[in-house]
Amino acid sequence: MRSNLQACDQLALHGGRPVREKMLPYGKQLVEEDDIKAVSDALRSDWLTTGPRVAAFEESVAAYVGAARGVAVNSGTAALHAAMFAIGVGSGDEVIVPPMTFAATANCVLFQGATPVFADVTPGELCLDPKHVMERITPRTKAVVAVDYAGQPCNYDVLRQICREHGLFLVADACHALGAKLSGACVGTMADLTVFSFHPVKHIATGEGGMVVTNDDALAQRMISFRSHGVEADFRQRQEQGSWIYEMHHLGFNYRLTDMQCALGLSQLSKLDRFLSRRRAIAARYSQAFTAMPGVRPLDVRPDVEHAWHLYVVRFDLARFSVGRADIFAALRAEGIGVNVHYIPVHYHPYYRERLGMGPGLCPVAEGAYEEIVTLPIFPGMTDEDIEDVVCAVAKVMHAFCKV
Ligand SMILES: *Cc1c(COP(=O)(O)O)cnc(C)c1O
């Protein structure tokens, strides 16, 4: 009822009263007292960095998604890098990635001296399109990185089939999709390696943090070495036996996640189901509200999918509006709604244009979607009132910019 009243009000952008005084962010962690206690317990323990909570967190995340092994690192980006190292991506190799993602998905290929090759996404879901993956395979292709855009699993049955036929590794960048399911199974076992992020806007937070899960012990061992300077994993064993000898076998990094952070991660993981169901409830309310608003189109969700709703993305049918996406974005921000755009296609970034000669034209579906998408706030701490503020602001802005 509020939304009906306010829909005709003057836009905040034009001097009217905003729907909200305080900006609602698009994503935010939910840290509670027991999370704080878990971290302070870690601080009082003997371990700050690699201790028992790291292994416990790895085992718990792996168990949650149904994978055999988890390797924790200090960001999702480091997890992607470790994944590329583990499967042996190197100079001369090509790795197929989607453009509708955060730059780290493609950057990790460059970290290893290889070439990211962009393949377009599906128009309805903005997930990597198997058809375009096929078109990009060359004798140099080593792997495919699929991104579960917004929290919807990619079509892994088809992607796995393609990778098997061409002898390619399949990596899932599931930074949006912790807890998402495809045909009843969790994202985490659909690819050779699956990458998660624990950045505060993601499903569970460790501050910075990431993990790769896999069923392959050899790949897990390579990543354990890689996250700690390329020193072989039996180093700790030797140390425990009182030996000073350790051997560096690979050019690794210090990508270790700390016990303090894993304490937070463990505590957060125990709430993941609750967080996911809140995200799903918010998405359901949005989707219901937007069916009554022509011109605002949520992305498609495939029927075999349980979405993890990291992002709630709508496309504005610009033919119906007197302004472009930039004005719609600015108007929503002025109403106190912290909208965002996920993502600028990676190949649009100056680095990719100037150093790699890429640019518009490479992936028309992603490029077209980019002109129309806006990400609305969705996070477990949102109140029902916050949700209605978003619906109200969208209705208000649509009404003001509607052509007829
Ligand atoms: C967040 C994110 C990353 C990077 O994770 P960080 O933990 O921020 O390094 C990579 N890929 C995608 C799709 C992401 O959303």
Side-chain angles (χ1 to χ4, degrees), residues 25-29 57 61 70-85 95-112 116 118-119 121 125-128 143-154 156 170-180 187-188 190-191 193-213 223 226-227 253-258 261-262 264-265 268-269 279 299 307-313 340-347 349 352 363 366 369-370 373 375 378-379:
Y26 87 89
K28 186 174 189 279
Q29 73 278 9
F57 185 47
V61 172
V71 178
V73 291
N74 55 21
S75 71
T77 304
L80 284 164
H81 191 186
M84 291 299 107
F85 171 80
V95 177
I96 296 173
V97 300
M100 187 49 76
T101 183
F102 184 56
T105 309
N107 292 350
C108 70
V109 178
L110 294 171
F111 294 164
Q112 286 298 104
F118 291 99
V121 294
E125 302 88 5
L126 308 185
C127 284
L128 188 61
V144 174
V145 184
V147 174
D148 300 325
Y149 180 79
Q152 170 157 228
C154 292
Y156 283 108
L170 178 58
V171 175
D173 178 344
C175 289
H176 295 183
L178 181 60
V187 164
M190 323 250 155
L193 296 167
T194 301
V195 171
F196 297 115
S197 164
F198 311 121
H199 181 278
V201 297
K202 306 287 165 70
H203 294 82
I204 61 170
T206 62
E208 301 288 352
M211 195 178 296
V212 189
V213 299
M223 294 187 288
F226 185 71
R227 76 170 168 198
F253 290 78
N254 179 352
Y255 278 163
R256 294 186 302 263
L257 193 60
T258 67
Q261 291 170 293
C262 290
L264 181 55
Q268 290 261 298
L269 186 65
R279 285 180 182 273
L299 297 185
H307 206 301
W309 295 109
H310 163 56
L311 303 174
Y312 193 94
V313 175
N340 224 304
V341 174
H342 296 93
Y343 292 89
I344 299 168
V346 177
H347 60 286
H349 287 295
Y352 282 83
C363 295
Y370 168 60
I373 50 175
T375 305
I378 189 166
F379 56 93

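For ligands, and for the atoms within them, numbers begin at 1 and follow the listed sequence. Because the structure is predicted, anything quoted here is derived from the model rather than measured. Both backbone and side-chain heavy atoms feed into the values below; hydrogens, waters and symmetry mates do not.
Short contacts between ligand 1 and Gly209, defined as distances under 4.0 Å to a heavy atom of the residue, involve ligand atoms 7 (O). Within ligand 1, counting atoms from 1 as listed, the ones closer than 4.0 Å to a heavy atom of Thr101 are 13 (C). Those atoms of ligand 1 with a heavy atom of Thr105 less than 4.0 angstrom away are 11 (N).
Only the side chain of Tyr343 comes within contact range of ligand 1, with a heavy atom under 4.0 Å; no backbone atom does. Here Ser75 has heavy atoms under 4.0 Å from ligand 1 in both its backbone and its side chain.
Residue Lys202 holds its NZ atom at 8.5 Å from CG of Leu311, rounded to the nearest 0.5 Å. Atom CG in Asn74 sits 6.5 Å away from atom CG in Asn254 (nearest 0.5 Å).
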Run the side chain to side chain contact (heavy atoms under 4.5 Å, CB included) test on Ile373 and Val341 for me, step by step, so that the C-alpha distance in whole Å, both residues' side-chain angles and the decisive distance to 0.1 Å come before the verdict. CA-CA 6 Å; Ile373 50 175; Val341 174; 4.1 Å; yes
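Looking at every heavy atom in both residues, Val121 comes nearest to Met100 through CG1-CB, 4.1 Å.
Outside the 6.0 Å centre-distance limit, the rings of Phe253 and Phe111 are not counted as a close aromatic pair.
Applying side-chain contact (heavy atoms from CB on, under 4.5 Å) to Thr194 and the options Leu178, Val187, Leu170, Val171 leaves one that passes, Val187. The side-chain contact (heavy atoms from CB on, under 4.5 Å) test with Thr105 singles out one residue from Thr77, Asp173, Val195, and that residue is Asp173.
In terms of N/O distances under 3.5 Å, ligand 1 is approached by His176. Among the atoms of Glu208, none of the N or O lies under 3.5 angstrom from an N or O of ligand 1.
The ring pair (Phe, Tyr, Trp, His ring centres under 6.0 Å) search around His342 returns Tyr26, not counting sequence neighbours.
Of the candidates His81, Lys202, Met211, Lys202 brings a heavy atom nearest to atom 14 (C) of ligand 1.
Annotation: atom 6 (P) of ligand 1 to nearest protein heavy atom, Gly76 N, 3.4 Å. Taking atom 9 (O) of ligand 1 as the reference point, the nearest protein heavy-atom neighbour is Thr77 OG1, 2.6 Å. Nearest protein neighbour of atom 11 (N) of ligand 1, counting heavy atoms only, is Asp173 OD2, 2.8 Å.
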